[in-house]
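Data block below; observations after.
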Amino acid sequence: MRKLVLIVIDGLTPAMLERGIEVGFAPTLSQLAAAGQLGRAVSAFPSLTPVCLTTIATGAQPGVHHIPHLVWFDREQGRIIEYGSSFAAARRSGALRWWRDTIYAMNAEHLSSEAVTIFEALEDQGLRAAGINVTCYRGRARHLPVVPGVAPPVLGPSRFFFYGLFESRDAGTSPTAVFKRASGSVDGYAEAAARWLVTRDDFDFLFYYLSDFDFISHALGPEGADEGLRRADHSIATIVEAAGGIDSFLDRYDVLLCSDHGQTQVREGVQLERCFSDLPLAGRRASRRDQLVVTASNRAAMVYRLEGCLLENAELAARLERDPGVEVVCYRDGADAVARRAGAELRFAPAGQGWRSSGDERVLDQPRARERLWSALENPNAGELLISAAPGIEFADIAGRHHAVGGSHGSLELGDSEVPMLAVGIERLPASIAEIAPTVLRHFGIDPPSYSTVPSLAA
Ligand SMILES: [Zn+2]
């Protein structure tokens with residue numbers, strides 16, 4: 001059984017990777033592409049990192065894994081959960097809560113027990129799994145924080161390096177990495193941990209997550225992030241060299257490489273709350289008089305109806321639909337989902353292996369839109385209404401921050417929803433990020449969880 005390295009470069013678009021390979025400023029990625037196959041795949045919705053990394057790590061769509069967005073409303077606790085739309089949003093939501101929600105609760109409380117992570121599935125079969133900086137890290141091994149008391153103990157893979165907060169071994173990494181992000185220190189930390197693991201060949205499966213590209217692409221826009229790809233290439237070159245060069249690296253490991261979502265250029269940030277300026281909206285906590293909660297960040301938003309809300313989903317959708325910042329609004333109506341866009345409507349529901357639908361098919365011309373929306377709506381932590389932003393628009397977060405003029409993602413649109421997919425030693429390229437976990441498990445001879453939808457190799 002061959003070992004496998006899964007590399008996820010956050011926010012990398014297929015066009016950027018293809019250009020880096022063609023023009024030659026991503027030499028290590030070029031070597032990997034030459035040794036394997038390169039294609040494109042579809043992300044989850046909303047196309048935001050906590051949702052998509054969880055889909056990659058579990059093979060589940062949001063309706064199964066229950067992580068709905070970067071920011072969402074916990075109906076039971078009556079408060080906003082914020083994973084870090086921006087530093088200002090994290091402060092606004094309550095810095096201590098943000099810290100606990102992001103570092104601990106996302107895995108220990110929010111991630112559904114129905115979902116199975118790659119780490120859990122592999123280590124249950126006696127294989128050694130390693131995770132570096134992956135936000136969906138749930139595993140079987142208990143880890144105490146490096147600095148006692150800064151976080152509760154967590155369950156992760158047996159080999160676990162997480163932003164200097166949790167480290168299964170002392171690998172000589174710098175625990176201050178997380179605080180010097182703009183200088184590339186987060187991926188620098190990941191590199192040091194990965195170099196240590198590869199040098200010792202201390203795993204059967206390694207999930208190597210590189211997050212700095214997304215940070216650079218948000219600032220400079222997806223077309224201008226060449227420097228981000230150069231750095232990511234360097235992070236990959238580090239582990240290739242640690243194995244003794246590309247030939248010995250590929251002798252030892254098969255490789256899957258992708259991103260979690262794409263990015264598109266945004267020119268304007270809008271406050272989606274403006275659609276409901278006459279209604280009492282909840283802030284970070286809901287009070288009895290509040291009627292709605294709007295959770296928005298990047299290019300996706302959700303609207304939650306509270307107990308006292310007098311407006312029906314259709315009326316709320318009609319208001320949202322008229323806003324020029326909104327492209328698609330979607331909600332459940334009985335057994336159907338309703339998607340609205342610029343006055344047109346499409347109703348749909350699963351039927352057999354496909355969909356039955358009525359109305360205007362042009363409402364949902366984005367990649368795998370029915371399937372992604374349906375699962376997003378089935379998520380018990382999602383709002384009643386899901387909103388995908390119009391091209392060039394970003395929804396300001398709880399602190400009013402956005403990335404205009406720069407790059408963003410989150411919508412159903414192709415540019416936000418398409419990822420590169422590169423495989424060496426893997427027979428079939430995953431067509432969706434949800435097919436990665438089952439592909440990895442099958443590679444190790446393990447049956448994927450029953451919710452997984454990847455076609456079998458024999459099909
Ligand atoms: Zn991002």
Side-chain angles (χ1 to χ4, degrees), residues 7-17 42-57 62 67-72 81-90 93 98 102 106 133-136 163 178 181-182 184-187 190 209-229 231-232 235 258-269 295-302 376 387-389 391-420 433:
I7 303 167
V8 176
I9 303 173
D10 196 316
L12 178 63
T13 61
M16 173 59 83
L17 177 58
V42 179
S43 182
F45 177 76
S47 43
L48 297 164
T49 295
V51 181
C52 298
L53 272 189
T54 307
T55 292
I56 291 173
I67 306 295
H69 202 288
L70 259 169
V71 54
W72 55 282
I81 307 267
E82 171 60 74
Y83 295 138
S85 301
S86 64
F87 282 119
S93 69
W98 159 74
T102 309
M106 194 197 306
N133 285 354
V134 192
T135 56
C136 179
Y163 303 94
V178 70
R181 166 137 228 189
S185 62
V186 171
D187 284 357
Y209 168 58
L210 299 167
S211 60
D212 283 346
F213 180 88
D214 187 68
F215 187 77
I216 293 169
S217 182
H218 273 299
L220 304 177
E223 308 285 314
D226 298 23
E227 180 55 24
L229 188 61
R231 289 197 205 172
S235 299
C258 63
S259 63
D260 51 347
H261 53 70
Q263 273 213 13
T264 49
Q265 188 74 33
V266 287
R267 58 171 196 280
E268 189 189 347
T295 64
S297 173
N298 287 268
R299 292 181 22 78
M302 306 191 290
I387 300 105
S388 179
I393 299 298
E394 184 171 283
F395 299 136
D397 67 27
I398 187 177
R401 301 296 160 92
H402 54 76
H403 297 101
V405 177
S408 187
H409 52 91
S411 80
L412 282 172
E413 207 186 314
L414 179 72
D416 289 354
S417 304
E418 201 178 38
V419 303
I433 62 168

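Predicted, not measured: the structure shown is a model, and the values here were computed from it. Every number for a ligand or one of its atoms is a count from 1 in the order of the listing.
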Between the Zn ion (ligand 1) and H261, is there an N, O or S atom separated by less than 2.8 Å?
no
Does any N, O or S atom in D214 come within less than 2.8 Å of the Zn ion (ligand 1)?
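Checking the Zn ion (ligand 1) against D214, an N, O or S atom does fall under 2.8 Å.
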What's the NE2-the Zn ion (ligand 1)-NE2 angle here (H218, H409), rounded to 10 degrees?
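With the Zn ion (ligand 1) as the vertex, the angle is close to 100°.
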For E413, enumerate each residue passing the salt bridge (Lys or Arg N to Asp or Glu O under 4.0 Å) test, keeping only those at least two apart in sequence or located in another chain.
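Residues passing salt bridge (Lys or Arg N to Asp or Glu O under 4.0 Å) with E413: R299.
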Checking Q263 against D214: is there a side-chain donor and acceptor pair closer than 3.5 Å?
yes
Give me each pair satisfying salt bridge (charged side-chain N to carboxylate O under 4.0 Å, His left out) with a member in residues 44-54, each pair once, sequence neighbours excluded.
none
Rounded to the nearest 0.5 Å, how far apart are CD1 of I7 and OG of S259?
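Interatomic distance, I7 CD1 to S259 OG, rounded to 0.5 Å: 12.5 Å.
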